[in-house]
Amino acid sequence: MNPTYVQVAVNIPQVSGVFDYHVPEDLGGEIVPGCLVVVPFGSRQVQGVVLRQVDQPQVADTRPVNALIDFEPVLTPIQLRFAQWLAERTLSPLSTCIDLMVPPGLSQQADMLYHLNDAQLSDPARLNDVQKRTIALLQERGDLRGRQLEAAFPRRNWKPAVQALVRMGVLMTRPVLLPPQVQPKMARNVQLAIPADQVGQQDALLGRAGSQAFERRQRALRTLADEPGVVDVTWVYAASGSSLADLKYLAERGLVRLGESEVIRDPLRNLTWAPAEAPPLTLAQQKVWEEIHRAVHTSAQGKASPPFLLHGVTGSGKTEMYLLAVEETLRQGRQAIVLVPEISLTPQTVRRFQARFPGKVGLIHSRLSQGERYDTWRRARAGLLQVIVGPRSALFSPLPNVGLIVVDECHDESYYQAESAPHYNAVAAAVAMAREAGAVVMLGTATPDVSLMYGFQLAKWKVLHLPDRILAHREAVRAQMNQFGLQEPVMDGSEATASLPLPPVKIVDMRLELKMGNRSIFSRELTSALEETLAAKQQAILFLNRRGSASYVFCRDCGAVLRCPRCDLPLTYHRGEDMLICHTCGYRRKMPNKCPMCASEHIRQYGMGTEKVEQLLKERFPHAQVLRYDAETTAGKNAHDLLLNLFANHQADILIGTQMLTKGLDLPLVTLVGVILADVGLNFPDYRAAERTFQLLTQVAGRAGRSPLGGRVVLQTFQPKHYAILTAARHDYQAFYAEELAQRRRLRQPPFTRFVRLLYRDLKAAAAEESAQEMARQLRGWIAAGNYKQTDLIGPVPCYFNRLNGYYRWQIIVRGPDPAGLLRGRSLGDWVVEVDPPNTL
DNA sequence: AGCACGCCGACT
DNA sequence: GTCGGCGTGCTC
């Protein structure tokens, strides 16, 4: 038989090529595209994924595929194509894109094992700190892998020092590849191997009559005789006092059969949901549904369907559209992926899916154990789950026949993977994945990114509108009003689907407040609005945009600002502990009494944190119950739900919160939303600063007046004439879009050009700058050589966050019609490459 | 990433 | 003369 050859992408993030291997006879036929295999690579064994079979290998001498890790392919053919698209799009190695699709724990990367030799060291005094600590660690814990040393020396450049020990003969190294860390979970079971009525005649086989073991074995047999069929061993242990040894003893004598069966680790196992039925649709929903319904059908017949952008304000019934689309997709025998921003923050959305499709939903989120995640992944692959709901990573679920991809709140930043390569945007990726799969894609939001909207208009893809907020809380509000002995408000409309107006927004010019002698953070407008809300026994939300503001500490005499020694960013003052904390790296220090620069005692905190707002609020409204909703108070496991339930049940009157408040909360009794300072964030040196501010304000304003009680919004700002604030106050997306687009066109920013951001990080400031200058020279050379007339560089410059985690950061933005084209296929070394980055900070 | 090969500076 | 710096290239 001819040897078969396969092309393999090896699981080493830095290796971008593909390699050919031959398939040994004993694996012939098993190895198909998508399989996870072990292959020799240089001196080590590495994991790889088979991309395709090839007739002719690229080199004369091939090495063999060593082992097959899983008999089923781990990637579907669609996923293999999708991974290749993603690699090209993000300028990332294919292996990193493939690795997104292999569940953590199953995927393993090659590592190095470090072993301490017995021989004594001649001159221990000459060793440096890392070397001494490495030796101590190895003495204490035995052999260690590179990953473990990495954890022991965070942010330290330990490799050269350890390599020196290897050269000195103190250490030995050996490449290792760990087996997968996840496996199907098996449970032992047992069943009787003889007819139940013969159980009483086996005493001769049960050991010495009358002994304890005899008694246990006899009881075990009787238990099984009463229980026909296969039972869990633990059940037998509990009923008879026997142990595995006893059952094995019985099995050896042919009396019982031991077996194993898989136990699914299902995070939703113990939850039951009252099945929910679809509510009646509004007219707008019906029109949207007609479009989606048609698309789901034509795509199930193999015809491509362009993406949909579902532009609808908060509470306009987008989720119901998703639910219907999923239902129809399932009816066509296909599966659906639903992406949501942050699972812990949108329990309401998730619950709706679970209630509508009981038993069919697989949930992915960050709190799942590796085993749960692995089992969910395998059930998806086996076609046992029809709907996967999760964050951006859920897009990579191995569903056999994806017919629908939903991206809810598609403007959300969490859809962009900023932390590690590949730096991808799950919205763009969902569109590409849907194209590969022949699936329908629905992108839903109240505030589409202007680039996305512009893209839809250029491509003439359909934008569907749901302009009205649906009054869905009539019953809930009525119940709550009765509970508090309040009179029922007058409600417009009589149908269940009556719509609600968007809340009026009042812009308050804080400059005038200062001129009028009001030095408080609460304007007179906001103060009286709060008073009225409290008097009416309704609820308020105060929104504080922390990002970019700073509760920083500065000296009123010399002006020095206290900064993090690692990140160079202003430190945040925490009143309770009297501590200064860096919110980027976690550095903390005691609040000093004197300015470290000039020793003045006039040093104090400035700016606002949620704690400060809480304190001021309590001073001004001593009788109000105030809740704080921020990273600190929601740190516990179910703290989010707990806090929100507390507030939803009117245990508190005012909720103070940050960004987290903008996510899909649904709090009907809230009639007032106050934004402490709307222009925070507007002055970031970033092309999307205005857009982010508009999106944030629009989302926050949407929290008010979601009931027949009505509602209003107060925006406090020092820039009352800024278009982002004016248009957000009018709920006027179109006006913002037009103005923002005009700005972007004028400033040659996306979507009229495209950005690739190149980021360099170095522990030494000079080295970072030098590398940046060198890269810029190279880039200019490529631009000139390739005659890229419309492509230019922004930078090199230090980043806005010019020091993060101890690293100095420099960046270069390559701007042009196709900056990725300029860079494709070139080696960028240690540079972080981001194509179409959502921010350039 | 790891490792080999390769070409210039200070040490037994 | 060699040991060792890290630059460059390769891993099927």
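Quick note on labels: first sequence line is chain A, next is B, and so on, each numbered from 1.
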Check the interface with nucleotides 9-11 of chain C: list each N/O to N/O pair with the protein under 3.5 Å, or write none.
residue, atom, partner, partner atom, Å
C/dT11, O3', A/Gly42, N, 3.4

Begin from the C-alpha positions of A/Gln148 and A/Tyr114 and carry the test side-chain hydrogen bond (donor to acceptor under 3.5 Å, both in side chains) through to its verdict. CA-CA 10 Å; A/Gln148 296 171 298; A/Tyr114 294 88; over 6 Å; no
Taking the inter-plane angle between the rings of A/Phe19 and A/Phe41 on a 0 to 90° scale, is it parallel (under 30°), tilted (30 to 60°) or perpendicular (over 60°)? perpendicular
Could you pull out the protein-nucleic contacts involving nucleotides 1-5 of chain C (nitrogen or oxygen on both sides, under 3.5 Å)?
residue, atom, partner, partner atom, Å
C/dG5, OP2, A/Arg167, NH2, 3.4

Under a 4.5 Å cut-off applied to non-hydrogen side-chain atoms, are A/Glu262 and A/Asp375 in contact? yes
Applying side chain to side chain contact (heavy atoms under 4.5 Å, CB included) between A/Gln811 and each of A/Pro796, A/Pro837, A/Pro798, A/Cys799, report the one that passes. A/Cys799
Looking only at side-chain N and O atoms, does A/His423 offer a donor or acceptor that is under 3.5 Å from a partner on A/Thr90? no
Looking at A/Tyr807, I'd like to know if the NZ or CZ of A/Arg761 sits under 6.0 Å from its six-membered ring centre while staying within 45 degrees of the ring's axis. yes
In whole angstroms, the gap separating P of C/dC6 from CD of A/Gln163 amounts to 12 Å
Sort out for me which residue in A/Thr76, A/Asp70, A/Thr376 forms a side chain to side chain donor-acceptor pair (under 3.5 Å) with A/Arg381. A/Asp70
Distance under 4.0 Å to a non-hydrogen atom of chain A counts as contact; along DNA chain B, which nucleotides mark the start and end? B/dA1 to B/dC3
Counting heavy atoms not belonging to A/Asp61, are there more than 12 under 6.0 Å from its CG? no
If you measure only the distance, is there a donor-acceptor pair under 3.5 Å linking the side chains of A/Asn787 and A/Lys789? yes
Check the surroundings of atom CD in A/Gln183: do more than 12 heavy atoms from other residues, nucleotides or ligands lie under 6.0 Å from it? no
